[in-house]
Amino acid sequence: MATNGNQQAFAPVLAALATMQSNVDREQKGRAHEFLEQFQKSPEAWTSTIAILHSSDATTQAQLFAATTLKGKIVFDFHQIPRESLPQLRDTLLSLLATFAKGAKPIRTQLCVCLANLAIQMIEWKDVLPMVVSTLGNDANSLPCVLDFLRVLPEEVTEGRKINLTEDELRDRTLELLEENGQQVIALLTQYAQSSEAASKNYQLMDCITSWIREVPLNDIVNSPLMDIIMNALHSDDAFESAVETLCAIFRETRDVDECMNIIKAVYPRVMASRPMIAQAAEEEDTDKLKGITRIFAEAGESWVVLIARLPEEFRGLVEAVLECAARDKEKEAISLTFIFWYELKQYITLERYMAARAQFADLYSKLVDIMVGHLQFPRPENDSADLFDGDREAEDRFREFRHQMGDVLKDCCEVIGVTECLQKSYLLIEQWVNTYGAQASNGKVPEWQALEAPLFSMRAMGRMVPPDENIMLPRLIPLIVQIPDHEKVRFQAVMALGRYTEWTAEHPETLQDQLNFIMEAFNHPSKEVVTAAALSFRFFCNDCAYLLKDYAGQLQNFYESVINKLPPSSQEEITEGIASVIAKQPPENIFAAFKMCCDPVVKRLMEMANTARDEPSKLAIADHLQLVTIFIQWIQPEVPPSQPNPAVQYCQEIFPILAAIADNFANFVPILERVCRCWRYMVLSYRTQIAPLLPSLAEKLASGFGASRQGCFLWATDSIVREFTPDATDVDQATINAVFSFYTQQATTFLRALNDLPPEQLPDVIEDFFRLCIDVLLYHSPSFIASELTPTILSAATTSLTLLKEEPLLATLHFLRDFLSYSGDNAPRPFSEQAVPGPAEMAAQQNAVKALLQQQGEQMVQRLLTGMMYTFPADCFPDASGVLLALFEHMPQATAQWTATTVAMLPQGSISPQEQERLLRNIGQRIETGEVRKIRSLLQDFTNSYRRRNVAPREGLGRLEATRFRFSG
């Protein structure tokens, strides 16, 4: 019982928790949140949490918060408590566990985790298991505490990396707590399981066994009474899910089938003995039980798949069991658990060495096709509702995703039994529907349409597996499909299915006309989904059959003009790509005229839209329409000798003033600017150095556009010029190379002015694009870049940008710094041309110049990098940040070590112990002395990760807190 003094000590904590759970305003909750977060990391939390746990006045929620906080203290703040106080803390935890044995399970679990983490770090405590069992195991009420402790102990030891122990200490403690206690734990669990029928069906027992499976020899479990207990627990409603998890854990430990053959021989018959539970669960319509049984057989199959391939007769029963699970799953809740197994088995039995297994299982995969096509059918609502899912859009999305996963299984079946047999099944189902219901279908009323749509979907799903020379089923299927009745979902699936076989159609031109007519008619369908499908399939037809269609460019252009403005933006892009791919097959002498014929109407429409656009939707429509011009440029790339004018470039010169005018007129609307820059960028990417006649005008507009808008898209487009007009390009002269670097300098100056006027937080995308541009300039123009008077300012800008919280600009900045630092050594990135590689004298001069710059800015850079790793960097930035630090240590070890020491000394008092600080700096010094500089990287990663977990990352118990942002003074 807490004293009044203790109650007064933790009263503010209880008040803050009450505030968090009340209906006060956000500001008050924010203050309470901040107070509780600071409390969790304070030394006072040790006594206050224990007092709250002892207090009868504290609510269950407050005690759970206290237990969770105490766990965080033991894990992260162990250095705050004197070692002579550890026995008292241990005894307190054992006493609290006895107190909460009958209390709330979450509190009991947290206290067990506390005790486990104390046991890991209290290395002088040698009799952990005997003490816990003797203290708590003699009372039946406390037995759940013993089981909980046994369950969490292996889990917490495995997570020991978050505890501040050395690798050697953690390894020794793992040996003491787990390996040396394994046999005793098995004996304890067996004794407990045999003590009563209720104990043998206790889910906590199953959880304990699962937790210790990786810590003891699996033979000792499989050949003990525990194995029978696990199998019997499958018939207990309370223990069923835990028993399933235990069995699956056993399967996972037997994946090395050659090492575990004796164990598998012992387990397999017991697993197969539970097969009648499949039918039982299906008959009882017990979805959860069917999912659990399915998981058992599927995961056993995944773990033993190589044995199944080697010994198909012996293990056929297991494959049949998985198939039965799939067949009986009427609710489609369990079947997805089998998908990985079918894929894994297919991977083996399609190898030549396992051909016998392929023959053995061919009939099962044939049945699997029938099962999958059956499950593909849409539901049949009882009241003939138009909404098949009764308004449950989440259920509809799940079903659509589920169908695509089943489509992948059908692809696996194609590989095992062949595409012809699989397609034949689709054909027979379609033919059966036509014979049964075809005469009854009219005016969009299609009886039992689900039975027709499912095989069409299966045919679509298998399309990628069918070779272009398939001549048995497709010549019968394609004519059947183009005659199917008009129902929205059936028509959609038919159109999509045809789009999957366009490579086959390219080899069978006699079927092209009927298919294309079917697709083009679908553009007039009232369903938006059907129209969208038509646009996608039209694109595939044009892409794959372009040579067959190139003589019909005029007719296709007329069709394009008639439908383009009726379609949504995504479909406009689809059919534009299709038309462009046909134009691209024209002979070079016809390219300009064909390009102009198709793209001029789009450009004309752009000009009309630009003259009337006043609101945001109309401006966004311009941006979408600009993308169509870009698609033409991406696809129409005629092969023209460098000495001859490129007809596509001629057309680009013609429309360039229009694009420039649109960019000028909408200089404050970012989506339009991004689309214009994307178009310009692809002019460079598509026509490469042949875009040279347009280069002066393009550079001028990119420079003026960036100066006026400060949008990163202009730098993104600039980068394409830098990458194309390089010193190692054979057809680029020195004057152009110099002009390109001057162009970059102009863009860099504008960027630096922008960064001087605005904080980095307001320019994240510009920063990302600029440093990606710098990476390429550094690669192709390293001498000029390193010698540039702007470089010190650019390095300073990079250091400033490391304060950002957004991942993409941080990664771009870190990549630039890594590349730049490499020029202080011998492993700098170089262009492809040998002529661009500097000589020894020039290389030495570059290295000295880079080191001189680092001498000036290295300390600030190290501070920013370590600050980011300790406080603000997203996790994906850690490898590159530590890579920059490693490069600094490699090229300037002593200076970087001093900068690191200075930075660590600036950390808030109490955030790390003096011993930890001294150990880090000592280890860094030792690595430098022994020449093991590369090991410093892992030292810094471990240190910053540990610091972040203890001092920055939110502790459990309050939900997700926003990480504190730390800035160094000065």
Side-chain angles (χ1 to χ4, degrees), residues 206 210 213 218 222 227-228 230-236 239-255 257 260 263-349 357 360-361 363-372 375 405-406 409 412-413 416:
M206 298 298 119
T210 303
I213 278 175
L218 193 55
V222 171
M227 192 66 209
D228 287 330
I230 295 168
M231 298 307 301
N232 291 334
L234 290 175
H235 301 282
S236 164
F240 175 76
E241 288 187 11
S242 294
V244 169
E245 184 62 46
T246 304
L247 274 174
C248 291
I250 291 173
F251 300 151
R252 287 192 291 271
E253 290 302 303
T254 59
R255 283 183 177 272
V257 295
C260 302
I263 297 174
I264 294 171
K265 286 181 178 179
V267 173
Y268 180 58
R270 296 183 178 186
V271 172
M272 293 308 299
S274 63
R275 184 174 174 182
M277 294 182 69
I278 303 173
Q280 179 186 353
E283 290 166 5
E284 295 174 357
E285 297 183 352
D286 190 334
T287 303
D288 290 336
K289 183 161 288 188
L290 182 60
K291 286 173 69 174
I293 294 298
T294 301
R295 187 180 168 205
I296 288 173
F297 287 109
E299 292 206 25
E302 291 171 33
S303 297
W304 304 336
V305 65
V306 66
L307 271 184
I308 298 173
R310 289 179 190 169
L311 305 169
E313 293 184 5
E314 289 87 336
F315 284 90
R316 180 181 169 92
L318 180 55
V319 184
E320 289 176 338
V322 179
L323 187 72
E324 183 182 353
C325 291
R328 291 185 179 274
D329 182 24
K330 295 179 181 179
E331 299 299 320
K332 304 180 179 68
E333 293 287 339
I335 190 173
S336 61
L337 298 171
T338 71
F339 293 164
I340 294 176
F341 168 71
W342 297 120
Y343 170 78
E344 296 282 354
L345 182 58
K346 178 267 299 185
Q347 291 288 84
Y348 278 98
I349 64 177
Q360 177 73 234
F361 298 132
D363 63 318
L364 301 185
Y365 270 87
S366 181
K367 292 176 183 177
L368 181 61
V369 175
D370 298 329
I371 292 168
M372 290 294 157
H375 282 311
Q405 291 173 345
M406 287 197 291
V409 177
D412 296 334
C413 295
V416 176

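Here the structure is a predicted model, which means the values were calculated and not measured.
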Is it true that the NZ or CZ of Lys346 lies under 6.0 Å from the centre of Tyr365's six-membered ring and within 45 degrees of the ring axis?
-> no

Shortest non-hydrogen separation from Leu368 to Cys413 and the atoms involved | CD2-SG, 3.7 Å

What is the minimum heavy-atom distance between Ile349 and Ala357, and which atoms define it?
-> CG2-CB, 3.7 Å

Report, as yes or no, whether the 6.0 Å neighbourhood of atom CD on Glu284 holds more than 12 heavy atoms from other residues, nucleotides or ligands.
-> yes

Using a cut-off of 6.0 Å, state whether more than 12 heavy atoms not belonging to Leu364 lie near its atom CG.
-> yes

Hey, does Arg252 have a side-chain heavy atom less than 4.5 Å from the side chain of Ile213?
-> no

All pairs passing ring pair (Phe, Tyr, Trp, His ring centres under 6.0 Å) where residues 286-315 contributes a residue, at least two apart | Phe251-Trp304, Tyr268-Phe315

dist Met227:CE -> Leu218:CG (nearest 0.5 Å) comes out at 8.5 Å

Residues Arg270, Asp228: salt bridge by 4.0 Å N-O rule | yes

Residues Lys330, Glu285: salt bridge by 4.0 Å N-O rule | no

What one should report as the nearest heavy-atom pair of Met231 and Leu247 is SD-CD2, 3.7 Å

Closest non-hydrogen atom pair between Ile278 and Ala321, with its separation = CD1-O, 3.7 Å

Are Glu299 and Phe341 side-chain neighbours, meaning at least one heavy-atom pair lies under 4.5 Å?
-> no

CD of Glu324 to CD1 of Ile371, rounded to nearest 0.5 Å, is 9.5 Å

Do Val267 and Thr254 have side chains that get closer than 4.5 Å, going by heavy atoms?
-> no

Looking at residues at least two apart in the chain, or sitting in another chain, which of them share a side chain to side chain contact (heavy atoms under 4.5 Å, CB included) with Gln347?
-> Tyr343

Can you name the closest pair of heavy atoms from Thr210 and Ala249 and give their distance?
-> CG2-CB, 3.9 Å

So, are Arg295 and Glu245 salt-bridged, with charged N and O less than 4.0 Å apart?
-> yes

Under the 3.5 angstrom rule, does the side chain of Ser274 hit a backbone N or O of Val271 as a donor-acceptor pair?
-> yes

Between CG of Asp370 and NE2 of His375, what distance do you get to the nearest 0.5 Å?
-> 11.0 Å

Output the distance between atom CZ (Arg275) and atom CD1 (Ile296), rounded to the nearest 0.5 Å.
-> 14.0 Å

Above 12 or not: heavy atoms from other molecules or residues under 6.0 Å from CD of Glu331?
-> no

Tell me, yes or no, whether the heavy-atom count around Lys367 atom NZ, taken from other residues, nucleotides or ligands under 6.0 Å, exceeds 12.
-> no

Straight-line distance of Leu290 CG to Glu283 CD, nearest 0.5 Å | 11.5 Å

Which distance, rounded to the nearest 0.5 Å, do you find between the CD1 of Ile335 and the NZ of Lys291?
-> 13.5 Å

Hey, are the side chains of Leu318 and Ile308 touching, using non-hydrogen atoms and a 4.5 Å cut-off?
-> yes

